[in-house]
Asker: 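Before I ask anything, here is the structure I am working with.
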Amino acid sequence: MGSALSRPERTVDYVPETVTRSVKLLVAGNFGVGKTTFVNSVSEIRPLRTEETITEASVGVDDMAGLPGKSQTTVAMDFGRITLNPTLALYLFGTPGQRRFVPLWEELARGALGALVLVDTRRIEKADEVLSVLEERGVQYSVAVNQFEGAKRYPLEEIRDALDLAPDTPLTSLDARQRSTCLRSLITLVEFLFHRQESRK
Ligand SMILES: Nc1nc2c(ncn2[C@@H]2O[C@H](COP(=O)(O)OP(=O)(O)OP(=O)(O)O)[C@@H](O)[C@H]2O)c(=O)[nH]1
Ligand SMILES: [Mg+2]
């Protein structure tokens, strides 16, 4: 098996025998923040995607504001897997981003150890609803800024304040198209969740 950083061209479609622990994680975030892109970047198996083309019928129903170029949207979930180290497999479930699909999260969140919440600073206020849904369901999370080019860059501390995050909630930044930056954020999340688990024992 190659290291997690060098993706083995998606030839690993079985779970390596060395894996002794598996963890389910959500990749959450509002419409178009890059969840499907993220799962595609990190997954070592060909990810399951449930993309549908956005049609005229979406106008006024879907959360299109600010994303004129977006042509597809997730209607059920994304699914991918990554063996983070030889003994630990992560199963990633990307949520659909549109508000009308929030009830689906209930199912997707079942059994999840935690969530990575992606945010886009150009529409940061939209993250509040996502964070509230997770908090209401007791899902632990960390936050990662998906840095779109052309979007203004803010210090992470400013983003932390804007999102009103707890001091110990991990906040990282990434480019959802860049595997290495996505992995860094995932590792931060997993360390946070394991630490939380340990401290609750
Ligand atoms: N420039 C840039 N574009 C990105 C990045 N991440 C995603 N995109 C683009 O942004 C668009 C939306 O990305 P998706 O991955 O479909 O977003 P999503 O969160 O899954 O969207 P929904 O499932 O509809 O909520 C796509 O056209 C991506 O190619 C990024 O980091 N930088
Ligand atoms: Mg998607």
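Hydrogens, waters and symmetry mates are skipped; everything else that's a heavy atom, side chains included, is used. Just follow the structure's listing: the first ligand is 1, and inside any ligand the first atom is 1.
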Asker: Minimum distance, heavy atoms only, to atom 9 (C) of ligand 1: which one of F101, F38, F148, F31 is it?
Answerer: F148
Asker: Near the Mg ion (ligand 2), is there an N/O/S atom from T37 that is less than 2.8 Å away?
Answerer: no
Asker: Heavy atom to atom 13 (O) of ligand 1, shortest distance: which of V75, L118, T37, T50 holds it?
Answerer: T37
Asker: Should we count CD of E125 as having more than 12 external heavy atoms under 6.0 Å?
Answerer: yes
Asker: Find all atoms of ligand 1 within a distance of less than 4.0 Å from any non-hydrogen atom belonging to N146, and give their numbers and elements.
Answerer: 5 (C), 6 (N), 30 (C), 31 (O)
Asker: Give me the atom names and distance for the closest heavy-atom approach of P96 to A76.
Answerer: CD-O, 3.1 Å
Asker: Is R196 salt-bridged to E191, cutoff N-O under 4.0 Å?
Answerer: no
Asker: Identify the protein heavy atom lying closest to atom 16 (O) of ligand 1, giving its residue, its atom name and the separation to 0.1 Å.
Answerer: K70 NZ, 3.0 Å
Asker: Can you tell me if T181 uses its side chain to pair, donor with acceptor, with the backbone of D175 under 3.5 Å?
Answerer: yes
Asker: Tell me, which protein residue and heavy-atom name are nearest atom 17 (O) of ligand 1, and how many Å apart are they?
Answerer: G34 N, 3.1 Å
Asker: Enumerate the atoms of ligand 1 whose separation from the nearest heavy atom of E149 is less than 4.0 angstrom.
Answerer: 1 (N)
Asker: Report the member of T73, L174, V145 with the shortest heavy-atom distance to atom 24 (O) of ligand 1.
Answerer: T73
Asker: Has K35 got its NZ or CZ under 6.0 Å from the middle of the six-membered ring of F93, at an angle within 45 degrees of the ring axis?
Answerer: no
Asker: For ligand 1 and V33, I'd like to know whether there is a polar contact (N/O to N/O, distance under 3.5 Å).
Answerer: yes
Asker: Specify whether the nearest protein heavy atom to atom 27 (O) of ligand 1 is under 4.0 angstrom away.
Answerer: no
Asker: Just need the protein heavy atom nearest to atom 23 (O) of ligand 1, so name the residue and atom and give the distance.
Answerer: T74 OG1, 2.9 Å
Asker: Given the protein's heavy atoms, is any one of them under 4.0 Å from atom 11 (C) of ligand 1?
Answerer: no
Asker: Among all protein heavy atoms, pick the one closest to atom 25 (O) of ligand 1 and tell me residue, atom and distance.
Answerer: K35 NZ, 2.8 Å
Asker: Using heavy atoms and a 4.0 Å limit, tell me yes or no: is G32 in contact with ligand 1?
Answerer: yes
Asker: Is it true that K126 and D120 have a side-chain N and a carboxylate O under 4.0 angstrom from each other?
Answerer: no
Asker: Counting only heavy atoms, tell me which of R177, Q98, E51, Q147 gets closest to atom 30 (C) of ligand 1.
Answerer: R177
Asker: Go through it in stages, so that I can follow the logic: the residues are R177 and N40, the test is side-chain contact (heavy atoms from CB on, under 4.5 Å), and I'd like the CA-CA distance, side-chain angles, deciding distance and then a yes or no.
Answerer: CA-CA 8 Å; R177 300 161 304 171; N40 184 56; over 6 Å; no
Asker: Step by step, work out the side-chain contact (heavy atoms from CB on, under 4.5 Å) result for Y154 and K152.
Answerer: CA-CA 6 Å; Y154 298 91; K152 192 171 166 207; 3.7 Å; yes
Asker: Can any side-chain N or O of S41 pair as donor or acceptor with the backbone N or O of A176 at less than 3.5 Å?
Answerer: yes
Asker: How far does CG of D78 sit from OG1 of T74, to the nearest 0.5 angstrom?
Answerer: 4.0 Å
Asker: Checking only N/O/S atoms, does T73 have one that is under 2.8 Å from the Mg ion (ligand 2)?
Answerer: no
